[in-house]
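Shown next, in structure tokens, is the structure this report addresses.
For this chain, numbers begin at 1 and follow the sequence in order.
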Amino acid sequence: MWPRAGSGDGFTYDALNPHARIDFHLASRDLRPLTAQVVTADPEASDHLPVVSDLEMPVRRHRR
């Protein structure tokens, strides 16, 4: 997902000195990635930084 929708290098580990991208979001081919980013607001909350993404899910109409 990161190559299609990510911004920046995507490094999530370690939180205080990010140098590796080891956290991922995986999606099926039914979901389209719109954005992906690493949140750096509170790096002392964990040893990893969180990844946030927006996905588009197609609307399927059911027949009655």
Side-chain angles (χ1 to χ4, degrees):
M1 179 181 318
W2 198 267
R4 295 180 74 185
S7 60
D9 55 27
F11 293 166
T12 58
Y13 185 82
D14 71 74
L16 294 177
N17 183 28
H19 60 276
R21 182 165 31 122
I22 63 172
D23 299 286
F24 300 89
H25 286 182
L26 304 175
S28 70
R29 63 184 98 122
D30 293 332
L31 300 174
R32 186 170 70 107
L34 301 175
T35 65
Q37 63 185 11
V38 175
V39 179
T40 60
D42 188 4
E44 295 182 9
S46 173
D47 61 337
H48 294 241
L49 294 171
V51 178
V52 176
S53 60
D54 291 309
L55 304 171
E56 181 178 68
M57 184 170 71
V59 175
R60 294 191 179 151
R61 307 268 184 218
H62 295 283
R63 295 182 187 171
R64 294 182 183 202

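Residues passing the salt bridge (charged side-chain N to carboxylate O under 4.0 Å, His left out) test with R21: none are found, sequence neighbours excluded. Not counting sequence neighbours, the partners of L31 by the side-chain contact (heavy atoms from CB on, under 4.5 Å) test are A27, S28, L55, M57.
The other residues sharing a hydrophobic cluster with V52 are V39, where clustering joins ILVMFWY side chains under 4.5 Å apart. Taking Ile, Leu, Val, Met, Phe, Trp and Tyr as hydrophobic and joining them when side-chain heavy atoms fall under 4.5 Å apart, one finds Y13 in a cluster with I22.
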Could you tabulate the donor-acceptor pairs under 3.5 Å formed by side-chain atoms of residues 42-50, not counting sequence neighbours?
| from | atom 1 | to | atom 2 | distance (Å) |
| --- | --- | --- | --- | --- |
| S46 | OG | H48 | N | 3.2 |
| H48 | ND1 | D23 | OD1 | 3.2 |
| H48 | ND1 | D23 | OD2 | 2.8 |

Per-pair distances, 0.1 Å, donor-acceptor, side chain in residues 2-11, under 3.5 Å, sequence neighbours excluded:
| from | atom 1 | to | atom 2 | distance (Å) |
| --- | --- | --- | --- | --- |
| W2 | NE1 | G8 | O | 3.3 |
| D9 | OD1 | F11 | N | 3.0 |

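Atoms OG1 and NE2, on T12 and H19 in that order, are 9.5 Å from each other to the nearest 0.5 Å.
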